[in-house]
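Let me begin by presenting the structure, written as structure tokens, before commenting on it.
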Amino acid sequence: MQSTAMSPPMILPQAAFPASRPRRLRRTAALRAMVAESTLSPADLIWPLFVRDGEGIEEPVPSMPGVVRRSIDRVVVAAREAEALGIPAVCLFPYTSLANRTADCAEAWNPDNLSNRATRAIKAAVPGLMVMTDVALDPYSDTGHDGFVVGGEIVNDATVEALVKQALAQAEAGVDIIGPSDMMDGRVGAIRAALEAGGHHDVAIMSYSAKYASAFYGPFREAVGAGDALKGDKKTYQMDPANSDEALRLVARDLSEGADMVMVKPGMPYLDICRLARAEFGVPTFAYQVSGEYAMIMAAAQNGWIDGERAMMESLMCFKRAGCDGILSYFAPAAARLLAH
Ligand code: PBG
């Protein structure tokens, strides 16, 4: 839900003090609400969920206080909670067993892998809730990389073929939104063509178009168990934090290949990119407030150094102000609960 006018009105000359006293409009909560330029609602939020095997399990992720890995039955409980809170979508991330992390990454397109089983369970129990999934090989690779590694290099085209198989298996499981997060070239076009050919005309693609090689993904890699395996970094495929023109080229490229929505990731340090992308293309633009951003706010709050609730709500509103249509955030249920009051 986008409420910010992306072309701000020209700032006309204003009356001088004391005829103009901007504080007049900040005097009461009612006045501030009346003139607020942006709004935040549960409908703006996508809730990332970590899935593991077993039953009745909610296992804490140490570096993300309050976040757990859930067995599928508990994922379904969370999905019901999301729907009750007015959160329109959850995004699934599997914690794959070590045995299923292999060089050929075959578990990625197994119709019965964790992610696909969780999708079916959610769609059966909570059909109105949207399910989004991640397309990338890192949860299934013994290297922790998002693509195949050959001779120390992350190879592009062979990876794209695997990503297409992964995306098709996800579509067949019933996902509403496919989120390619791998940053290989050509993947959006290849996935879109395969979805069309496979009859999955209505599966939307939210491309991780501007995904940066970031230190802020650290806690996530612990959550999905890919951190220990990862050798080196992801700088040959994820973006250089120094670049913004390149982000716009990638958004344009992904849209031309058939992306319906685009994403900027991480979130808070990249609000300028969110702003530029939304203003330039006018398509639904999302930000991912990633694991490290969540961990920083939670850690400071737990130390009593900041007010965690206020920092959470402020950070989410800032995404809306920057022009984002929505935010993927681990804060989704907590924020939606506060917004319900
Ligand atoms: C995997 C993927 C990552 C995240 C989402 N999908 C990690 C990475 O690229 O290493 C990060 C999410 C987060 O940090 O919360 N392709």
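Each ligand, and each atom within it, is numbered from 1 in the order the structure gives.
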Do you know which two heavy atoms are closest between Ser181 and Asp134, and how far apart they sit? OG-OD2, 2.8 Å
Run the salt bridge (charged side-chain N to carboxylate O under 4.0 Å, His left out) test on Arg321 and Glu37 for me, step by step, so that the C-alpha distance in whole Å, both residues' side-chain angles and the decisive distance to 0.1 Å come before the verdict. CA-CA 8 Å; Arg321 188 204 60 229; Glu37 297 172 34; over 6 Å; no
Which residue and heavy atom of the protein sit nearest [atom], plus the separation:
atom	result
atom 12 (C) of ligand 1	Phe220 CD1, 3.3 Å
atom 8 (C) of ligand 1	Lys234 NZ, 3.3 Å
atom 1 (C) of ligand 1	Asp138 OD2, 2.9 Å
atom 2 (C) of ligand 1	Lys211 NZ, 3.3 Å
atom 14 (O) of ligand 1	Ser291 OG, 2.7 Å
atom 11 (C) of ligand 1	Lys265 NZ, 2.9 Å

Looking at ligand 1, is there an atom of it that comes within less than 4.0 Å of some heavy atom belonging to [X]?
X	answer
Phe93	yes
Met183	no
Glu293	no
Gln289	no
Asp182	no

At a 4.0 Å threshold, what atoms of ligand 1 neighbour a non-hydrogen atom of [X]?
X	result
Tyr330	12 (C), 13 (C), 15 (O)
Ser181	1 (C), 2 (C), 6 (N), 16 (N)
Tyr288	12 (C), 15 (O)

Region of Ala136 that comes within reach of ligand 1 [heavy atoms, distance under 4.0 Å]: side chain
Counting heavy atoms only, which part of Asp146 comes closer than 4.0 Å to ligand 1: side chain, backbone, both or neither? side chain
Report yes or no: is the cationic atom of Arg69 (NZ for Lys, CZ for Arg) closer than 6.0 Å to the six-membered ring centre of Phe50, at no more than 45° off its axis? no
Is it possible for you to check whether Lys211 lies under 6.0 Å from the centre of the six-membered ring of Tyr217, through NZ or CZ, and within 45° of that ring's axis? yes
Checking the N or O distance criterion of under 3.5 Å, is ligand 1 in contact with Arg221? yes
Would Asp53 and Arg117 pass as an ion pair if we require N to O under 4.0 Å? no
Is Arg52 salt-bridged to Glu59, going by a charged N under 4.0 Å from an acidic O? yes
What residue pairs, at least two apart or across chains, pass salt bridge (Lys or Arg N to Asp or Glu O under 4.0 Å) with a residue in residues 155-183? Lys123-Asp176, Asp182-Arg187
Got a sec: does the CD of Glu58 have more than 12 other heavy atoms crowding it under 6.0 Å? yes
Does atom CD of Glu246 have more than 12 heavy-atom neighbours from other groups under 6.0 Å away? yes
Could you see if Val135 belongs to whatever hydrophobic cluster contains Val164? Use Ile, Leu, Val, Met, Phe, Trp, Tyr and a side-chain cutoff under 4.5 Å. yes
Spatial distance of atom CG (Leu163) from atom CD1 (Ile191) [nearest 0.5 Å]: 5.5 Å
